[in-house]
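Before any comments, here is the structure.
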Amino acid sequence: MPHQPTGVPILRLGDVLVTGLLNELDDKSAVAFTDELTTRIVADAARGVLIDISRLEIIDSFVARTLMELTTMARLLGARVIVAGMRPAVAITLVELGLQLTGVETALNAEAGLGALGWHRMPQPAGEAPSDSLR
């Protein structure tokens with residue numbers, strides 16, 4: 001079956017892929033997203049994947065299962081997955097429904113998730129322009 005793009009951007013930052021999940025995740029789009037992401041992990045030799053879920057306002061057992069399956073597949077392909085940006089309401093819903101994201105590593109936000117994958121923002125010294133160090 002040919003690879004069908006899902007419309008969900010998957011960005012590459014070195015050896016890390018960054019993507020996100022939207023509320024409109026149904027069976028067909030979940031399968032397409034999983035296929036696209038796993039294909040990209042192999043094609044880009046990604047060692048890490050950040051999945052930003054900050055746009056998810058609700059979560060159900062289907063989305064939770066999809067995240068767990070994506071994490072397992074990525075791990076089998078040699079990539080570490082971090083799910084970032086979970087809203088408090090989503091965390092509460094997961095607990096209330098008794099759903100556990102078994103094997104899924106989480107981070108408070110995308111920046112923390114990228115940091116856990118080895119990416120760190122390079123701070124500029126106060127008042128120093130980037131060209132100052134070249135003089």
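These numbers come from the heavy atoms of this one structure, side chains and all, not from hydrogens, waters or symmetry mates.
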Short question: side chain of R40, backbone of A46 - any donor-acceptor pair under 3.5 Å?
no
Other residues, nucleotides, ligands: >12 heavy atoms within 6.0 Å of Q100 CD:
no
Taking the side chain as C-beta and beyond, is there a heavy-atom pair between L13 and V18 under 4.5 Å?
yes
Considering all heavy atoms, the nearest A79-V49 contact:
CB-CG2, 4.2 Å
Measure from the side-chain N and O atoms of R12 to the backbone N and O of G14, and report whether any donor-acceptor pair falls under 3.5 Å.
yes
Mind checking whether M73 and L67 sit in one hydrophobic cluster, side chains of I, L, V, M, F, W, Y counted as touching below 4.5 Å?
no
Please confirm whether the backbone N or O of P9 pairs with a side-chain atom of T19, one donor and one acceptor, at under 3.5 Å?
yes
Let me confirm one number: the CD-OG distance from E36 to S29, rounded to the nearest 0.5 Å.
11.5 Å
If you draw a 6.0 Å radius around CG in L76, do more than 12 non-hydrogen atoms from other residues or ligands fall strictly inside?
yes
So which heavy atom on I58 is nearest to which on V90, and how close?
N-CG2, 4.2 Å
Check: I82 and L117 side chains under 4.5 Å, non-hydrogen atoms:
yes
Taking C-beta and beyond as the side chain, do L70 and I51 meet within less than 4.5 Å on heavy atoms?
yes
Could you pull out the closest heavy-atom pair between L50 and A84, with the gap in Å?
CD1-CB, 3.7 Å
Please examine the side chains of R75 and V81, heavy atoms only from C-beta on, and report whether any two atoms are closer than 4.5 Å.
no
Are L101 and L56 linked, directly or through intermediate hydrophobic residues, by side-chain heavy-atom contacts shorter than 4.5 Å (ILVMFWY only)?
yes
Quick one, F62 and D26 - any side-chain contact, counting heavy atoms below 4.5 Å?
no
How close do I41 and A74 get, counting heavy atoms only, and between which atoms?
CD1-CB, 3.6 Å
With heavy-atom distances below 4.5 Å as the criterion, would you say the side chains of L94 and M86 are in contact?
yes
R55 side chain to L21 backbone, donor-acceptor under 3.5 Å:
no
Quick one: does R80's side chain get under 4.5 Å of E105's, heavy atoms only?
yes
Atom pair OG/CG of S61 and L97 - distance to nearest 0.5 Å
7.5 Å
Minimum-distance pair of heavy atoms, taken over all atoms of A64 and L99
CB-CD1, 4.3 Å
Closest non-hydrogen contact found for L77 with V42 is CD2-CG2, 3.9 Å
